[in-house]
Amino acid sequence: MKIFEYPFPIEIGSVCDLDFLPNGAPVTIQGYENRQDLVWGQQTVQMPEGWSSPEFPFVRYLPDGRLLVVDTGFKASTGRNAWILNSRGSVESHFEIGSAAVEIAGLWGLIAVAYHPISAKAHGHQIQPLQRTAIAFFDLQGRLVMGFNQEAATVGVIAENVRCMTALSRSQLLFVPEKLTVHGREVENPVVLFDCASRRPRVYSAPFPKAEAVSMADGFIHLASPEGWEDQIITFDAETKISQHRGEFLGLFRGLEGGGFLAQLSAADYAVVVPEAPTSQTLPLKEPAVEIPNHNQNIDT
């Protein structure tokens with residue numbers, strides 16, 4: 001694997017979350033349990049009023065040049081816990097995304113929020129209707145636009161408990177649900193590619209379950225730490241399920257656009273991990289491993 005380290009100075013405490021600006025520079029939430037700041041380029045911005053300094057907050061760069069920050073604290077999750085900030089750090093939108101989000105991605109005109117209701121319940125959160133969408137999509141004013149399950153149900157696809165999600169582009173998402181059914185038939189180890197523009201899901205079957213992070217490049221899907229492969233990255237061909245070991249790496253954080261993964265090395269050090277190219281014995285992706293009856297043109301078969 002190729003590994004690119006991203007160490008950067010700590011202004012306060014440790015790094016709680018980070019994302020990347022278009023020029024590759026990191027934007028971070030840094031701090032302690034009782035104080036956190038947003039470090040955005042050369043400026044340090046105070047978090048919005050009401051911020052509870054949660055252990056695992058979110059910060060995401062949006063394609064329009066603004067930032068999304070989400071408070072995942074227990075009390076905050078019962079109300080409006082998401083803010084969109086402009087380049088001056090001023091609040092432009094304040095809205096509710098619900099509790100226990102697994103992953104968040106900024107898309108063109110949309111914000112995708114993935115949920116794992118069973119995990120939320122285990123941590124004492126109340127299961128909310130939003131969480132049953134699998135992935136909820138909000139506009140840039142914080143208004144709910146659609147849910148994955150509501151859109152995919154028209155073609156018989158239902159997903160439950162998303163484990164991880166990665167934006168492959170500003171309109172495509174790749175995600176791994178715990179369970180997925182197609183017209184009532186459960187898919188083994190599902191991985192879903194969803195185009196937000198056409199709203200057409202494409203379902204693949206992976207060779208291993210329970211990935212902790214997922215990415216995709218050049219027609220190959222990469223799974224980080226699937227069951228039976230702790231701290232490993234596996235690449236597979238979705239048609240044949242032929243898999244190859246790509247390497248071992250501790251501290252994998254989440255998938256990135258372009259086929260890589262973000263890994264946390266310490267409180268101040270992160271790295272981008274890029275799997276090596278598969279060998280010739282693995283073929284490019286062709287058709288999905290799961291045959292889906294074409295009852296509706298909104299699904300890709």
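Not measured: the values here are computed from a predicted model.
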Below 4.5 Å, heavy atoms only, C-beta onward: do Met216 and Gln172 meet side chain to side chain? no

Side-chain heavy-atom pair Leu38, Leu85 within 4.5 angstrom cut-off: yes

Donor-acceptor pair, Asn149 side chain versus Arg132 backbone, under 3.5 Å? yes

I would like to know whether Gln30 and Asp37 meet side-chain hydrogen bond (donor to acceptor under 3.5 Å, both in side chains); could you show each step before the answer? CA-CA 5 Å; Gln30 302 182 13; Asp37 289 333; over 6 Å; no

Under 3.5 Å: donor-acceptor pair, side chain of Asp237, backbone of Lys241: no

Mind listing the side-chain donor-acceptor pairs of residues 100-110 below 3.5 Å, one per line with the distance, residues two or more places apart or on another chain?
{"from": "Glu103", "atom 1": "OE2", "to": "Arg60", "atom 2": "NE", "distance (Å)": "3.4"}
{"from": "Glu103", "atom 1": "OE2", "to": "Arg60", "atom 2": "NH2", "distance (Å)": "2.5"}

Ignoring hydrogens and geometry, is there a side-chain-to-backbone donor-acceptor pair from Thr72 to Phe56 under 3.5 Å? yes

Can you tell me if Gln43 uses its side chain to pair, donor with acceptor, with the backbone of Ser87 under 3.5 Å? yes

Who passes ring-ring contact (aromatic ring centres under 6.0 Å, His included) against Phe175, sequence neighbours left out? Phe148

Taking only residues two or more places apart in sequence or in another chain, which ones pass ring-ring contact (aromatic ring centres under 6.0 Å, His included) with Phe137? Phe194

All ring-ring contact (aromatic ring centres under 6.0 Å, His included) counterparts of Phe58, not counting sequence neighbours: none

Measure from the side-chain N and O atoms of Ser171 to the backbone N and O of Cys196, and report whether any donor-acceptor pair falls under 3.5 Å. no

For Ser215 and His222: C-alpha separation, side-chain torsions, deciding distance, then whether side-chain hydrogen bond (donor to acceptor under 3.5 Å, both in side chains) applies. CA-CA 5 Å; Ser215 68; His222 308 298; 4.9 Å; no

Heavy-atom side-chain contact between Leu180 and Val192 under 4.5 Å: yes

Polar side-chain atom of Asn81 near backbone of Gly98 as donor-acceptor pair, under 3.5 Å: yes

Would a 4.5 Å heavy-atom cut-off, applied to side chains only, mark Leu67 and Val27 as touching? yes

Do the non-hydrogen side-chain atoms of Leu256 and Phe261 ever get within less than 4.5 Å of each other? no

Would you mind reporting whether Val69 and Met47 have side-chain heavy atoms less than 4.5 Å apart? yes

Would you confirm whether Arg246, through its side chain, and Thr235, through its main-chain N or O, come within 3.5 Å as a donor-acceptor pair? no

With the side chain counted from C-beta on, respond yes when Ile233 and Leu223 share a heavy-atom pair under 4.5 Å apart, and no when they do not. no

In this structure, are over 12 heavy atoms from other groups packed under 6.0 Å from Glu230 atom CD? no

Are there more than 12 heavy atoms of other residues, nucleotides or ligands under 6.0 Å from atom CD of Glu33? no

What I'd like to find out is whether the side chain of Asn161 reaches to under 4.5 Å of the side chain of Tyr115, using heavy atoms alone. no

The ring-ring contact (aromatic ring centres under 6.0 Å, His included) partners of Trp51 (sequence neighbours excluded) come to Trp83

Sequence-distant partners of Glu227, salt bridge (Lys or Arg N to Asp or Glu O under 4.0 Å), two or more places apart: Lys210

